[in-house]
Amino acid sequence: MELRLTFAEISELIEKKAGRALPIGYGGPHTVRVSYDVNVLFKSASVGIDLTVEQIEGSDIYLSFNGGAGIDFMIRQAINMAKSRPGGEFIELLDGNRILLALGRAQQAGSLLDHIALRDIRFDEQYVIIEFEPRTL
């Protein structure tokens, strides 16, 4: 089974929840590009990062990121700050610019993952495509 979400739908959801727009676009079959506007010396600049779905093991999703040394530092700081907020318990920073999303640690996602098994997360020009199958009862 597949669930398809457009990049626009995901960007809209992030903006509603975080109050900040994050444009998302296609970067490859398992890679998505995320942009973020930052103010530097009274000037706005757009910085980007590539997030790649490396593998899925049970309820754990392993991502890698690449955006250059400055961006990598900012991502590490943002993840460390997120760990002290609600939902931060399922994000773990790993060596080598990798991130673990341990969805089983999040109550709502854990409940959902009791009923489905994630198989793949991939991207095309418009969509995030989440493949899953129902677990047997």
Side-chain angles (χ1 to χ4, degrees):
M1 300 180 90
E2 286 184 353
L3 172 65
R4 291 176 174 254
L5 300 166
T6 66
F7 292 129
E9 290 171 325
I10 294 171
S11 293
E12 209 174 281
L13 179 62
I14 291 170
E15 187 168 11
K16 284 180 184 175
K17 294 289 185 181
R20 181 102 175 160
L22 286 177
I24 300 171
Y26 178 73
H30 284 93
T31 301
V32 67
R33 291 202 167 114
V34 180
S35 303
Y36 186 74
D37 290 334
V38 294
N39 292 321
V40 180
L41 299 173
F42 307 107
K43 188 172 147 181
S44 183
S46 181
V47 294
I49 183 170
D50 289 344
L51 289 172
T52 301
V53 178
E54 295 284 329
Q55 74 184 77
I56 298 172
E57 289 182 2
S59 62
D60 294 339
I61 301 172
Y62 292 86
L63 306 172
S64 63
F65 60 93
N66 182 10
I71 303 304
D72 293 352
F73 175 77
M74 289 171 38
I75 292 296
R76 291 179 184 283
Q77 294 303 318
I79 289 172
N80 286 331
M81 288 186 339
K83 290 183 84 50
S84 64
R85 304 183 97 189
E89 66 274 3
F90 70 93
I91 301 172
E92 189 175 324
L93 188 59
L94 305 173
D95 291 334
N97 291 353
R98 294 179 70 223
I99 301 168
L100 167 62
L101 297 178
L103 298 180
R105 295 181 197 165
Q107 185 176 356
Q108 290 175 331
S111 297
L112 175 64
L113 292 169
D114 288 341
H115 302 287
I116 65 165
L118 288 176
R119 292 294 172 229
D120 194 17
I121 299 173
R122 66 182 195 283
F123 311 101
D124 70 14
E125 295 291 332
Q126 283 186 302
Y127 294 98
V128 174
I129 304 162
I130 302 168
E131 287 185 26
F132 64 94
E133 51 186 60
R135 293 191 190 273
T136 55
L137 299 175

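Just so you know, these numbers use all the heavy atoms, side chains as well, and skip hydrogens, waters and symmetry mates.
Atoms CD1 and CG, on I75 and N80 in that order, are 11.5 Å from each other to the nearest 0.5 Å. Here the CG-CG distance, from L100 to D60, works out to 5.0 Å after rounding to the nearest 0.5 Å. Separating the CZ atom in F7 from the CG atom in D124 is a distance of 6.5 Å, to the nearest 0.5 Å. Once rounded to the nearest 0.5 Å, the distance linking CG of L94 with CD1 of I79 reads 9.0 Å. The CD atom of E131 sits 12.0 Å away from atom CE of M1, with the distance rounded to the nearest 0.5 Å. Between the CD1 atom in I61 and the CG atom in L101 there is a gap of 5.5 Å [rounded to 0.5 Å].
Taking 4.5 Å as the limit, some side-chain heavy atom of V34 sits within range of a side-chain heavy atom of L51. Contact of the H30 side chain with the D120 side chain is registered, since non-hydrogen atoms from C-beta on lie closer than 4.5 Å. Considering only heavy atoms from C-beta on, V128 stays 4.5 Å or farther from I24 through its side chain.
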Report task. Begin with the C-alpha distance, continue with both residues' side-chain angles, and end with the deciding distance and a verdict on side chain to side chain contact (heavy atoms under 4.5 Å, CB included) for I121 and I56. Result -> CA-CA 8 Å; I121 299 173; I56 298 172; 3.9 Å; yes
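In this structure S64 satisfies the side chain to side chain contact (heavy atoms under 4.5 Å, CB included) test together with T52, E54, R98, sequence neighbours excluded.
Of all heavy-atom pairs between R105 and F90, the closest is CB-CB, 4.0 Å. Nearest heavy-atom pair across I116 and R135 is O-NE, 3.2 Å. Residue G104 comes nearest to L113 through the heavy atom pair N-CD1, 4.3 Å, listed as atom of the first residue, atom of the second, then distance. In plain terms, the two heavy atoms of Y26 and E125 that are nearest each other are CD2-OE2, 3.3 Å.
Side-chain atoms of S11 come within 3.5 Å of backbone N or O of L22 as a donor-acceptor pair.
Note on I49 and L93: same hydrophobic cluster, where clusters join Ile, Leu, Val, Met, Phe, Trp and Tyr whose side-chain heavy atoms are under 4.5 Å apart, directly or indirectly. Side-chain heavy atoms closer than 4.5 Å link hydrophobic residues (I, L, V, M, F, W, Y) into clusters, and following such links, possibly through other members, connects L5 to V53. Following chains of ILVMFWY side-chain contacts shorter than 4.5 Å, one cannot reach I14 starting from Y127, and the two form parts of different hydrophobic clusters. The cluster map of Ile, Leu, Val, Met, Phe, Trp and Tyr, joined by side-chain heavy atoms under 4.5 Å apart, puts I10 and F123 in the same cluster.
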